[in-house]
Colleague: 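Quick one: the structure is below, and I'll ask about it shortly.
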Amino acid sequence: MTGTHGYDAFEGAGELLRALSAPIRLAIVSELAQGERCVHELVEQLGAPQPLVSQHLRVLRGAGVVRGSRRGREIAYALVDEHVAHIVADAVSHAGEGASPSGEPAAGRTGGAGRPASWHAVGREDLR
């Protein structure tokens with residue numbers, strides 16, 4: 001996987017992960033996994049100010065994660081690809097694994113180098 005062809009996939013994945021890097025964007029994707037939502041619905045569900053939600057929707061749209069379609073006077077946002085919802089759900093689930101109620105990693109549950117035991121080594125063949 002040393003050729004530039006394979007590296008391009010990592011570039012795209014990196015862009016996607018950068019677009020998802022803000023907690024509010026993860027929350028927006030989680031909400032949109034349940035179906036289309038207008039900005040006011042996201043504001044209500046997330047308890048975040050409308051300008052902030054709109055700003056983060058703009059980032060997600062720019063990254064090709066969500067799309068908007070006109071619904072009367074409003075724009076309804078939806079996920080472009082359901083895979084993103086799975087990525088977010090898995091990330092949220094993983095973040096909750098091995099954490100104690102204080103938020104510190106649970107003692108004795110590391111897989112070396114400070115990684116949680118649930119992480120596994122990925123071989124070169126797994127990346128194809």
Side-chain angles (χ1 to χ4, degrees):
M1 184 71 87
T2 58
T4 58
H5 211 46
Y7 188 72
D8 289 345
F10 291 110
E11 287 284 336
E15 290 297 319
L16 172 63
L17 293 174
R18 274 189 284 287
L20 296 173
S21 67
I24 190 166
R25 291 193 285 251
L26 295 173
I28 289 169
V29 169
S30 292
E31 279 299 315
L32 294 178
Q34 308 304 312
E36 280 189 350
R37 302 279 191 274
C38 292
V39 174
H40 73 89
E41 294 169 314
L42 291 168
V43 165
E44 184 178 311
Q45 284 298 115
L46 302 175
Q50 183 272 324
L52 183 65
V53 171
S54 293
Q55 176 186 1
H56 286 285
L57 280 167
R58 193 171 18 255
V59 171
L60 292 170
R61 261 178 76 168
V65 174
V66 301
R67 67 175 178 272
S69 57
R70 185 132 320 258
R71 196 163 72 179
R73 294 176 49 186
E74 299 178 309
I75 296 176
Y77 291 92
L79 294 176
V80 170
D81 185 342
E82 292 300 316
H83 286 105
V84 177
H86 294 291
I87 292 168
V88 169
D90 287 347
V92 170
S93 175
H94 180 75
E97 291 177 2
S100 68
S102 68
E104 295 294 319
R109 297 219 26 219
T110 61
R115 293 181 303 224
S118 60
W119 288 14
H120 65 282
V122 177
R124 204 175 268 273
E125 63 278 357
D126 295 323
L127 297 174
R128 291 186 188 153

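Just so you know, residue 1 is the first one in the sequence shown, and it goes up from there.
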Colleague: Following the transitive rule for hydrophobic clusters with a side-chain heavy-atom cut-off under 4.5 Å over Ile, Leu, Val, Met, Phe, Trp and Tyr, establish whether V59 and V88 coincide in one cluster.
Modeller: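 Unlinked, V59 and V88 end up in two clusters.
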
Colleague: Ignoring hydrogens and angles, write down the donor-acceptor pairs under 3.5 Å from the side chains of residues 29-37, residues two or more places apart or on other chains.
Modeller:
| residue | atom | partner | partner atom | Å |
| --- | --- | --- | --- | --- |
| S30 | OG | L26 | O | 3.1 |
| R37 | NH1 | G35 | O | 3.4 |

Colleague: Treat each ILVMFWY residue as a node, draw an edge where side-chain heavy atoms are under 4.5 Å apart, and state whether V92 and L42 are in one component.
Modeller: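 Yes, it is one cluster - the side chains of V92 and L42 are joined through contacts under 4.5 Å.
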
Colleague: Suppose we screen for salt bridge (Lys or Arg N to Asp or Glu O under 4.0 Å). Which residues come up paired with E15, at least two apart in sequence or across chains?
Modeller: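 Only R18 meet the salt bridge (Lys or Arg N to Asp or Glu O under 4.0 Å) criterion with E15.
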
Colleague: Going from CD1 on I87 to CG on D90, what distance comes out if it is rounded to the nearest 0.5 angstrom?
Modeller: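 Answer for the CD1-CG pair, I87 versus D90, is 8.5 Å.
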
Colleague: Show the atom names and distances, to 0.1 Å, of all donor-acceptor pairs under 3.5 Å that link a side chain in residues 73-84 to residues at least two apart or in another chain.
Modeller:
| residue | atom | partner | partner atom | Å |
| --- | --- | --- | --- | --- |
| E74 | OE2 | H40 | NE2 | 2.9 |
| D81 | OD1 | H83 | N | 2.8 |
| D81 | OD1 | H83 | ND1 | 2.7 |
| D81 | OD2 | H83 | ND1 | 3.3 |

Colleague: Which distance, rounded to the nearest 0.5 Å, do you find between the CD1 of I28 and the CG of L57?
Modeller: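 If we round to the nearest 0.5 Å, I28:CD1 and L57:CG are 4.5 Å apart.
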
Colleague: Mind jotting down which residue pairs meet the salt bridge (charged side-chain N to carboxylate O under 4.0 Å, His left out) criterion with at least one end in residues 39-62? Sequence neighbours excluded, please.
Modeller: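 Output for this query lists E41-R71.
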
Colleague: Report, one line per pair, each donor and acceptor closer than 3.5 Å where one atom sits in a side chain of residues 48-55; sequence neighbours left out.
Modeller:
| residue | atom | partner | partner atom | Å |
| --- | --- | --- | --- | --- |
| Q50 | NE2 | S54 | OG | 2.6 |
| S54 | OG | Q50 | O | 3.2 |

Colleague: Might you point out which heavy atoms bring A27 and L46 nearest each other, and give the distance in Å?
Modeller: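 That closest heavy-atom pairing would be CB-CD2, 3.6 Å.
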
